[in-house]
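The structure under discussion appears below in the form of structure tokens.
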Protein chains: 2
Amino acid sequence: MKLAIIGYGNIGRGVECAIRQNPDMELYGVFTRRDPNTLQTLTGAPVYAAASLAQHADKLDAVILCAGSATDLPEQTPQTAALCNVVDSFDTHARIPEHFDRVDAAAKASGHTALISGGWDPGLFSLARLYASAALPDGQDYTFWGRGVSQGHSDAIRRIPGVLDARQYTVPVPETLEAVRSGANPALSTRQKHTRECYVVAADGADRDAIRQAIVTMPNYFADYDTSVTFITAEEMQKNHRELPHGGQVIRSGSTGLHAEHQHTVEFSLKLDSNPEFTAGVLVALARAVVRMNRRGDTGCKTIFDVAPADLSALSGAELRKKLL
Amino acid sequence: MKLAIIGYGNIGRGVECAIRQNPDMELYGVFTRRDPNTLQTLTGAPVYAAASLAQHADKLDAVILCAGSATDLPEQTPQTAALCNVVDSFDTHARIPEHFDRVDAAAKASGHTALISGGWDPGLFSLARLYASAALPDGQDYTFWGRGVSQGHSDAIRRIPGVLDARQYTVPVPETLEAVRSGANPALSTRQKHTRECYVVAADGADRDAIRQAIVTMPNYFADYDTSVTFITAEEMQKNHRELPHGGQVIRSGSTGLHAEHQHTVEFSLKLDSNPEFTAGVLVALARAVVRMNRRGDTGCKTIFDVAPADLSALSGAELRKKLL
């Protein structure tokens, strides 16, 4: 199947690499809003202007959108679904229902299949919540993120005057994680679940106490957490904080039996050296499913909840039953 | 939806309890090969003779088979699929392809939907292997079972002369588990993955050394493992080993990036107080999916790989997207 990438940031480069790991896939090219002549891809894949997508659409099996959820995807996914099968990683949880409706209308009208909110959260973590709650209806879900880099929180720190660069790690509180794993079903405040570690490069002469205060009191981002702030040099930032690791846990504990006398704990966890590359791996598998669903006439907007797992794999049904069941 | 149980052992009783946790389901009754008048159900559900199933079939949305994989299910699942939608927990991995073909023929001929090999392994563990390998094609899977009771191994010990009762726990080797979690991708022998703990009640005057030797040298079951044998009293057995806990881990580690420079670890784990009750929870959710698939005209034999996750949940698509995605 021939796939295209729109948007060439960390996830776009991850998709480019991930396609090479799947022998049934081929990268048709990268579409960009920048001048195509200024963009050099990692693997030498051809680069086209985003505006020219319609001219290439009939040669593409699916497009993977690798842009941001805040402003790009709400426009881009419905527009692309009018032309091609498409996968996005829209991750603004609260706005998923409206995004779904807009994409569904566009995809149904054009006869394409569009999958939104792929990746790991939303994505594989959502699946873990669904499977565990279906098997254990009487129970409680917990999601922990990290240890990993939150790009949104890093960006928020970078907007503070006097900050040259910043990296923020979200870290689950180990004792809380153990309490949840034990099946104790604790009620947890935001502060009890995660801490936030901030590494900051300050400008020469900047007021470090003021920067620290601005971070730890920032509403929504840091005020409700125990937050540590460590000032480092630009060299330390480049050496120790260049990568984008992430991960986390979805844990459900619940009870069964005539008198709820048996406890069970289901846990799904990820430990990722590269958040964008792993996300890309999931998006590419979802693109395979979208192409297959479209060939069967299953059009409109989908989420990972609608995808039969077998459609994600390059193996046939018989091979899957023999090797993985 | 109206569900029936065939076979009233540990899993059958688990299904009876699990149906009560799902408000969209109702237990129509238990079908047994014993004399129905001799069987008292936990919840007072009616009991019918297994031979009378055909007379009830048009009132049932699906049947959950709770019999053994060795001799019962290979006959029972195709026979039942000729009459009703059906779910089984056939777990003889090597014979799944032939079981699938026989059930598929019966279900297609009668227009029913039959799901085989539900539960957690095969079942949720199979899904963990599939999702992780789809996202990380270049990697390696590891499955660990336990700490938990293996009924097959316990039964094997009970057949040794002089043994009155036995319970066998399968236990993953902690150091191996840590090596796999670290992403080291070790090549592992059977002995390196699990140990086996046996608790045995011996008859008065039995030769304990002979029993111990018979256990630790038993081919297939114990000879390839480090096995411990502890003799206990019947009272200790009843007090400390009455329950059927189980669990385990599916771990995949793999690499991504232009030069495979990033490592990732995906882990799915279960810690279960009651193996049959958790298995029952999965079977009941699969029965919901089977009923929905049949109503859409999707007939024949299926596995958990063919089930869109949304079909397992009592929530609507819109509710799932809002609450769990």
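Residue numbers start from 1 in every chain, and the chains themselves are labelled A, B, ... in the order their sequence lines are given, proteins ahead of strands. The structure presented is a predicted model; accordingly, all values stated were derived computationally and were not measured.
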Heavy-atom closest pair, residues [X] and [Y]:
| X | Y | answer |
| --- | --- | --- |
| A/Thr256 | B/Glu277 | OG1-OE1, 2.6 Å |
| B/Arg181 | A/Lys271 | O-NZ, 3.3 Å |
| B/Leu258 | A/Arg20 | O-NH2, 3.1 Å |
| B/Phe305 | A/Arg321 | CE1-N, 4.4 Å |

Options [options], ranked by heavy-atom pairs under 4.5 Å with chain A, top entry:
| options | value |
| --- | --- |
| B/Pro276, B/Cys17, B/Gly247 | B/Cys17 |
| B/Ser253, B/Pro245, B/Pro309, B/Ser117 | B/Pro309 |
| B/Ala318, B/Gly14, B/Gly281 | B/Gly281 |

With a 4.5 angstrom heavy-atom cut-off, could you sort out which part of [X] is near chain B: side chain, backbone, both or neither?
| X | answer |
| --- | --- |
| A/Asp121 | side chain |
| A/Phe278 | both |
| A/Thr265 | both |

Between [options], who has the most heavy-atom pairs with chain B when the cutoff is under 4.5 Å?
| options | value |
| --- | --- |
| A/Ala314, A/Pro122, A/Ala94, A/Ala18 | A/Pro122 |
| A/His93, A/Gln21, A/Lys323 | A/Gln21 |
| A/Ala280, A/Gly257, A/Ala285 | A/Gly257 |

inquiry  = Go through it in stages, so that I can follow the logic: the residues are A/Leu325 and B/Ile304, the test is side-chain contact (heavy atoms from CB on, under 4.5 Å), and I'd like the CA-CA distance, side-chain angles, deciding distance and then a yes or no.
reply    = CA-CA 9 Å; A/Leu325 193 59; B/Ile304 203 166; 4.3 Å; yes
Region of [X] in contact with chain A, defined by heavy-atom distances below 4.5 Å:
| X | result |
| --- | --- |
| B/Val284 | neither |
| B/Phe100 | side chain |
| B/Thr43 | side chain |
| B/Ile96 | side chain |
| B/Asn22 | side chain |

Members of residues 125-144 of chain A whose heavy atoms come closer than 4.5 Å to chain B =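 Heavy-atom contacts from residues 125-144 of chain A to chain B are A/Ser126, A/Leu127, A/Arg129, A/Leu130, A/Tyr131, A/Ser133, A/Ala134, A/Ala135, A/Leu136, A/Pro137, A/Asp138, A/Asp141.
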query = Regarding A/Glu243 and B/His262, is there a side-chain donor-to-acceptor distance under 3.5 Å anywhere?
reply =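 Per modelled atom types, A/Glu243 and B/His262 side chains form a pair under 3.5 Å.
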query = Is there a side-chain contact between A/Ser274 and B/His264, using heavy atoms and a 4.5 Å cut-off?
reply =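 Touching, per the 4.5 Å side-chain cut-off.
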